[in-house]
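Data first, discussion second: the structure below is written as structure tokens.
Counting convention: from 1, in listed order, for ligands and their atoms alike.
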Amino acid sequence: MNAAMSGPTSSNHPGLAAWVAEMAAHCRPARIHWCDGSAEERTGLLAVAQAAGVLEPLDPVRRPGCWYHRSNPGDVARVEECTWICTPTADEAGPTNRWADPDETRRRLLGWLAGSMAGRTLYVVPYLMGPPGSPLARVGIELTDSVYVALSMGIMTRMGRIALDALGDDGRFNRGLHGMLDLDPAKRAIAHFPQDDAIISTGSNYGGNVLLGKKCLALRLGSWAGRREGWMAEHMLIVAITDPAGRRSHVAAAFPSACGKTNLAMLTPPARMPGWKVETIGDDIAWLRPGPDGRLWAINPENGYFGVAPGTSPATNPVAMATIARDTIFTNTGRTADGDVWWEGLGPAPVGLTDWRGRPWRPGGEPCAHPNSRFAAPMANNPMLAAAAHDPAGVPIDAIIVGGRRADTYPLVIEARDWTHGTYLASVMGSETTAAAAGVVGRVRRDPMAMLPFCGYHMGDYWDHWLATGARLTRPPRIFHVNWFRKDAAGAWLWPGFGENLRVLAWILARCQGRVDAEASPLGLRPMTGGIPLDGLGLAPERLALAQRLDRDEWRSELLDQAAWYDRIGRVPAALRTELRKATTAIG
Ligand code: GTP
Ligand code: SPV
Ligand code: MN
């Protein structure tokens, strides 16, 4: 192997050096660059990306340190059809995953990768998921021939020297291999090998498919490891909320892709709720473990935000707008004539826009920004970042919220009676599909715990792990189900959403602190009249009543569908079937 080397090749880890040499000999890059994560390195890689036409600089005054990337138009989202769980048996992967034989899959993908990096640079990207020193933190090494991936990993993770230091000379690491393969859709695969702690990703350059620390390691392999090691990897934001009396609480919330995690994680309190403060810990992924105090403690394994651009605006999410003001990579948004980015939801369109495919854009036609266009921004840019985001111990969780995007059926908020009932509510969660994954948008599907595309093993076993973890907690978080997306007969949102969601959070926290009563309903506990503060909102009480309404006909068909869902999963914990039976009896 005689590729030219650059970067600090000073890892004394024999297993790491041998594996990199083996993969390089196989993929045959012209150069190998070991990433150290320094600012100088970043400047150099940005210059490489610019020279290759992968990134274009944005206007240095309007978007200092920001870059624009236009992807291949056929490679704009996660592809669940090409995502594989390669366990020894199909049963371990379960009915909701695509299973593939580990040996056959490894051979096939390595076959595609053989010699595929000729003339290219192989980046060795060491990264740390989690704050240094956290008992949950894990090291991954991603080998990639994409400079866009190397640069994005530098934003999204603690990347470079910091990860090699955490690894030491003999630490464990996840082995990730990514090859672009000219983005050939016939060679697109995201394959997970839990038994080997390895990932191979081919034929794509889109975030969730290729930033291997995120959905692949932190969720699919993380969930698999968590079951064995007694912790949980979840598709959850984490926030710290301080109320006007100074009480500080922590909330974790699971909403499916493009259903509001980043927005809730960066929520700005409405003007009519003075004295409230919301600080971000994480916006997409939580790793949680029972603490010695019997509470559930959470860390955010990431170091940046890979967020949905459309809909993000000074009105909906000023914290995100501040976060993406600099040092951000934008992918597949629109471009303005003066070197800035633009997307739907930012207000009136300026003249002279270029769409995400690079064509002049005119109002009334296709969207200017791809609906799944994204920003990758450093966590450090967030003006509302909680100091606890860097705490190796994490934060104790008071409430877990789950919820989907449902135009009907589900009320604005209900509270689970206990952990088991909450696990049931989360296991049957449904949501309309979004542009975050390739395929039809707007079709309701079950997305338990927002983990349908991310749970690395049998869904029934995963629910069992939720129940088992709950049983280890003497002070478990309370569990709530919310739906910000219910519509009226005319198709208008019944609830204003965004910052106003704090009103619902205020009720949730009051419940956790035992300060308000709730009333029983067939589905769980719900706010008493006046329980959700509406002052200054200008929302008619009838609208809130509609948002909270329980329609028996809707619920009869919902519960039949939940029963069919459980039958599809098969191995459903008996306690959850009991909860479904109770709901069915209560609805009548
Ligand atoms: P991933 O990064 O894909 O996991 O998504 P996410 O869950 O972080 O979703 P995000 O917060 O980026 O929101 C996705 C879309 O939903 C954006 O277009 C938001 O503007 C919109 N959205 C977020 N919160 C609300 C809300 O409370 N009400 C309404 N109506 N829309 C919302
Ligand atoms: C999601 O789809 O849930 C995301 C974006 O957070 S991606 O990283 O592409 O998976
Ligand atoms: Mn996500």
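Polar contact with ligand 1: absent for Phe255 (N/O pair, distance under 3.5 Å). Residue contacts with ligand 2: Phe454 is placed with no nitrogen or oxygen under 3.5 Å of a nitrogen or oxygen of the ligand (distance criterion only). Close N/O approach between Asn263 and ligand 1 is found [any backbone or side-chain N/O within under 3.5 Å].
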Let me check something: any side-chain donor-acceptor pairs from residues 402-412 under 3.5 Å, sequence neighbours excluded? List them with distances.
residue	atom	partner	partner atom	Å
Arg405	NH2	Ala258	O	2.6
Arg406	NH1	Glu558	OE1	3.3
Arg406	NH2	Glu558	OE1	3.0
Tyr410	OH	Glu558	OE2	3.3
Tyr410	OH	Gln562	NE2	3.2

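Only the backbone of Cys259 comes within 4.0 Å of ligand 1, counting heavy atoms alone; no side-chain atom from C-beta on gets that close. If you look at Arg405 next to ligand 1, the close heavy atoms, those under 4.0 Å, all belong to the side chain. Contact annotation: for Pro256 versus ligand 1, heavy atoms closer than 4.0 Å belong to the backbone alone. Under 4.0 Å from ligand 1, the heavy atoms of Asn501 that appear belong solely to its side chain. With a heavy-atom cut-off of 4.0 Å, Phe485 touches ligand 1 through its side chain alone.
The shortest contact between atom 8 (O) of ligand 2 and any protein heavy atom is with Lys214 CE, 3.1 Å. The protein heavy-atom contact nearest to atom 2 (O) of ligand 2 is Arg78 NE, 2.9 Å. Here the heavy atom of the protein found nearest to atom 7 (S) of ligand 2 is Gly208 CA, 3.5 Å. In this structure, atom 9 (O) of ligand 2 lies nearest to the protein heavy atom Tyr206 OH, 2.7 Å. Lys215 NZ, 2.6 Å is the protein heavy atom nearest to atom 6 (O) of ligand 2.
The distance from ligand 1 to the heavy atoms of Arg374 drops below 4.0 Å at these ligand atoms: 1 (P), 2 (O), 3 (O). Close approach to Ala258 involves these atoms of ligand 1, each under 4.0 Å from a residue heavy atom: 1 (P), 3 (O), 4 (O), 5 (O), 6 (P), 7 (O), 9 (O), 14 (C), 15 (C), 16 (O). Listed by number with element, the atoms of ligand 1 under 4.0 Å from a non-hydrogen atom of Asp284 are 4 (O).
One option in Lys261, Arg78, Met236 has a heavy atom closer to atom 7 (O) of ligand 1 than any other, and that option is Lys261.
The closest approach between any non-hydrogen atom of Arg374 and ligand 2 is below 4.0 Å. Contact analysis leaves Gly307 out of contact with ligand 1, as no non-hydrogen atom separation drops below 4.0 angstrom. Put simply, no part of Glu500 is less than 4.0 Å from ligand 1, judged by heavy atoms.
When NE2 of His235 and OD1 of Asp284 are joined through the Mn ion (ligand 3), the resulting angle is 90° to the nearest 10°.
Counted by atom type alone, Asp447 and Ser431 present zero donor-acceptor pairs between their side chains at under 3.5 Å.
Ion pair Arg445/Glu80 flagged as a salt bridge, since at least one NZ, NE, NH1 or NH2 atom sits closer than 4.0 Å to an Asp/Glu carboxylate oxygen.
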Legend entry - Verdict with supporting geometry, Arg543 and Asp488, salt bridge (charged side-chain N to carboxylate O under 4.0 Å, His left out): CA-CA 9 Å; Arg543 298 288 286 177; Asp488 65 14; 2.8 Å; yes
